[in-house]
Undergrad: 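Structure below; questions to follow.
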Amino acid sequence: MSDIADKVKKIVVEHLGVDESKVTPDASFIDDLGADSLDTVELVMAFEEAFSVEIPEDAAEKIATVKDAIDYIEKQKAA
Amino acid sequence: MSGTATNGRRVVVTGIGVVSPLAVGAELTWKRLIEGQSGVGRITHFDPSELPAQVAGQVPDGPTAEGGLTLSDWVPVKDQKKMDRFIHLGLAAAIQAVEDSGWKPEDEDDRCATGVMIGSGIGGLQTIYDGSLTVSSGKARRLSPFFIPSALINLISGHLSIRYGFKGPNHAVVTACATGVHAIGDASRLIQYGDADVMVAGGAEAAICSLGIAGFCSARALSTASNDDPTKASRPWDKDRDGFIMGEGAGVVVLEELEHAKRRGAKIYGEIGGYGMSGDAYHITAPAEGHDGAFRAMKAALRNSGGLTTADIDYVNAHGTSTMADDLELDAVERFFGDDAKRLAMSSTKSAIGHLLGAAGAVEAIFCLQAIRDGIVPPTLNLDNPARESVIDRVAHVAQKRKIDVALSNSFGFGGTNASIILKRFKD
């Protein structure tokens, strides 16, 4: 797993208070990890802070799973 | 009819919960209170050394079984950061009260007949402070989505209703230091009026932060003379008193319509015997000479008591904050009770726990119920030299055994808001 993926996973575990084993790439924040809409807003802010990236609202709305987050951040970092 | 209610609906207390500087837990707080212990100490929530007032009544951390606060026993870890401390403390007291009452709504009608009215004087002050730092450092977009719901006063009521499925009236009182009494009194009226059969009511406060202490310091309201001897700082009616001591915590009761409580065989702590309110229309922080507002609040409580007189009242839990206003309340109580003052006991439990602001009236109403139950009047600590004499026994230093059937508790708030509530022994 990439450093970015590790870090994303860690942030998700910390913010949603879920077991690490549940944070699989396909896990949906809302459907699988117990987040509500405010949790996901906070999660995106935490990603922005941790990776020094800007995630505009329309992009944030498309980040539904752990993999979505990792892909988006990797793309930003590569650009 | 011995009832006090409109529509003949009588309201009793079937559950109690307390979080105080003496302990987390209503019974442990009471035990330590009547032993004469003090919950006041040097402030540790932040470094107070820049401020003139450096002592407060803080809720002790520690194992729940020993009366300490272990937050994860009350609020899931992942939810803790979504709530200010006043919500944490309010939920801890409310959960105690609900569990103590044994009330579990089993169907939709029951859920809709159960409401919540838990307020706060100030709300999420530390959260507002932290949020303003985030914004002022140019990170407005990083402000947590939980900032607003963490600071809002009615969110104790909100969280509690979500936890238990209480779908009745969901409300919150905000009347500074009168919040706790107003919440219990107003919630009782909702039951009397038929809006609910059960109401979880009370107040919570957690304003021992730099902004809160600095604000009350600037208003010249806090004691500054006993920073080196914290347990002596809160001294209602004593000639050396020099301001109140801020406390934090929460008090919550479960109020229930009498027949509802009887049908399910609930334990009954006592009955709401009367409730009265008034406004000073005088000054934002100071009561008027003679404290006519206090007099009128007590009089209104008696008017709603279904026939009680001052001769029936055995104990007054005073507002008594350890400020110059103590003697004004004393004036009002003496005037109100007249000749009956001679047989009255009156104490200020703020001498042991400080002033819990929006939680004070609720915690003190619970003390009244425990005093009635156990026949013990809690003491006024540090009343070494009364600033003025009175025929009223102010229970200096040590608790007293006394038969108490009816107790009255006073709370007065900034803005000139006053509330008095009467608690009485339940007799069918």
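For clarity, every value in this text was computed on a predicted model and none was experimentally measured. Order of the sequence lines fixes the chain letters, A, B, ..., with proteins taken first and strands second; residue numbering starts at 1 for each chain. These numbers come from the heavy atoms of this one structure, side chains and all, not from hydrogens, waters or symmetry mates.
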Undergrad: Return yes if some donor-acceptor pair links the side-chain N/O of B/Lys167 with the main-chain N/O of B/Glu108 below 3.5 Å, else return no.
TA: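 No; zero donor-acceptor contacts below 3.5 Å.
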Undergrad: Please verify the inter-ring angle class for A/Phe51 with A/Phe47; under 30° counts as parallel, over 60° as perpendicular, anything in between as tilted.
TA: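 Geometry flag for A/Phe47 against A/Phe51: tilted rings.
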Undergrad: Heavy-atom pairs under 4.5 Å with chain A are the metric here; pick the option from B/Asp79, B/Val77, B/Leu143 that has the most.
TA: B/Leu143
Undergrad: Count the heavy atoms belonging to other residues, nucleotides or ligands that lie under 6.0 Å from NZ of B/Lys139, then report whether that count exceeds 12.
TA: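 Not buried by this count: 12 neighbours or fewer within 6.0 Å.
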Undergrad: Set out, in order, the CA-CA distance, both residues' side-chain angles and the distance that settles side-chain hydrogen bond (donor to acceptor under 3.5 Å, both in side chains) for A/Asp19 and A/Ser21, then state yes or no.
TA: CA-CA 5 Å; A/Asp19 199 80; A/Ser21 63; 2.8 Å; yes
Undergrad: Which one wins on heavy-atom pair count under 4.5 Å against chain B: A/Glu14, A/Glu49, A/His15?
TA: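 With the most close heavy-atom pairs to chain B, the winner is A/Glu49.
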Undergrad: Answer with side chain, backbone, both or neither: which region of A/Leu16 has an atom nearer than 4.5 Å to a non-hydrogen atom of chain B?
TA: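 Contact with chain B is through the backbone of A/Leu16 alone.
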